[in-house]
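What follows is one structure encoded as structure tokens, with my remarks underneath.
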Amino acid sequence: MTPEKEAAYKKGLSDALEVGAAILKEGGSALDAVEAAVRSLEDCPLFNAGKGSVFNALGKHEMDASIMDGRSREAGAVATVKNVKNPISLSRAVMEKSEHVFLVGEGADEFAKLNGLEFETDEYFHDEFRYNQWLKIKDTDGFQLDHSVEKKDEKFGTVGAVAMDKDGNIAAATSTGGMTNKKFGRIGDSSIIGSGTFADNRTCAVSCTGSGEFFIRQVVAYDVACLMEFKGLSLQEASDEVIQKRLLEIDGDGGLIAVDAQGNIAMPFNTEGMYRACIKHDTPAEIRIYKD
Ligand code: ASP
């Protein structure tokens, strides 16, 4: 990581934070804020979502995303969608305009067309750095997290946002290109409600990043909410318990961002770093990559 690269990542985080915070400041909903913040990250080529999505085993991009409204516990999710510019907005359309929660593959693409979602060409999603990442492992059985080339990844590129609005409603959104060289229609945790994304006004809103297989097995996002609801843990205690203990017991690597309905924030991770940022109405923004 060069200082220039670090500055570029921080700028990407700061832009997304500003977009989301501006909506909340004007009295907008947590749901609108998380969608807008994630769209901004999807449009930034540095992160593994939308434009910056990694290559799958066929040299293509297949994206997963989900969104959940803590007020009503309504949710929308899509998986393995192709050429959709902003998969997070497609998840929201699934939530608001269909009778379903989760659409995958061609059906999801078809639904996106019917609902006027924006599409982009393969060239738009082509990134030289990601392409070279894929070339190094394309003829192997390996699949990897974003950023890793020779060694196991220590930071993740999936994007997510959580927010609380002036009415005390909370929401969560997550979007990803998944893992480099993924095959067989592989779907990660990011589009799975309860694993990569969860929101319930009674407890918390959570968005996860990490090796999706472990997050699915541990039902991470819902696990945090359950520890708060049934065991009375605070947001920080519940998030730490899941990321630093339960996930590590099964060798799961990653982290999460979470907010509760009182506006407390937790951003634990068990890796070297996690690109993250947060802002509260009365305090300056915090933008971080590594443990401090
Ligand atoms: N959780 C994502 C997945 O498994 C990867 C990531 O967080 O970078 O698809």
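Predicted, not measured: the structure shown is a model, and the values here were computed from it. All ligand and atom numbering here is 1-based and tracks the order in the structure.
Polar contact with ligand 1: absent for Glu213 (N/O pair, distance under 3.5 Å). Close N/O approach between Asp64 and ligand 1 is not found [any backbone or side-chain N/O within under 3.5 Å]. Here's the thing with Gly188: none of its N/O atoms is less than 3.5 angstrom from an N/O atom of ligand 1. On a distance-only criterion, Thr158 and ligand 1 share at least one N/O pair closer than 3.5 Å. Between Asp189 and ligand 1, at least one N/O pair is under 3.5 Å apart. The distance criterion of under 3.5 Å between nitrogen or oxygen atoms is not met by Met179 with respect to ligand 1.
Taking 4.0 Å as the cut-off between side-chain N and carboxylate O, Asp15 and Lys11 count as a salt-bridged pair. Salt bridge status for Asp32 with Arg92: present, with a side-chain N to carboxylate O gap under 4.0 Å. For the pair Glu286 and Arg288, the salt-bridge criterion is met [side-chain N within less than 4.0 Å of a carboxylate O]. Of the charged side-chain nitrogens involved, none lies within less than 4.0 Å of a carboxylate oxygen, so that Asp43 and Lys51 do not count as a salt-bridged pair.
The ligand atoms of ligand 1 that sit less than 4.0 angstrom from a heavy atom of Gly178 are 9 (O). Near Gly157, with a cut-off below 4.0 Å to any heavy atom, the atoms of ligand 1 are 8 (O). Ligand 1 places these atoms under 4.0 Å from at least one heavy atom of Thr209: 6 (C), 7 (O), 8 (O).
Here Ser190 has side-chain heavy atoms under 4.0 Å from ligand 1, and that is the only part of it that gets that close. Contacts between Arg186 and ligand 1 below 4.0 angstrom, taking non-hydrogen atoms only, involve the side chain exclusively.
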Pairs under 3.5 angstrom only: tabulate donor-acceptor contacts from the side chains of residues 241-250 to other protein residues two or more places apart or in another chain.
| residue | atom | partner | partner atom | Å |
| --- | --- | --- | --- | --- |
| Gln244 | NE2 | Phe269 | O | 3.2 |
| Arg246 | NH1 | Asp223 | OD1 | 3.2 |
| Arg246 | NH1 | Asp223 | OD2 | 3.3 |

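In this structure, Leu256 and Val220 have side chains that are in contact, with non-hydrogen atoms separated by less than 4.5 Å.
With sequence neighbours left out, the side chain to side chain donor-acceptor pair (under 3.5 Å) criterion links Ser89 to Glu35, Arg39.
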Begin from the C-alpha positions of Phe125 and Phe55 and carry the test ring pair (Phe, Tyr, Trp, His ring centres under 6.0 Å) through to its verdict. CA-CA 9 Å; Phe125 294 96; Phe55 286 80; 9.9 Å; no
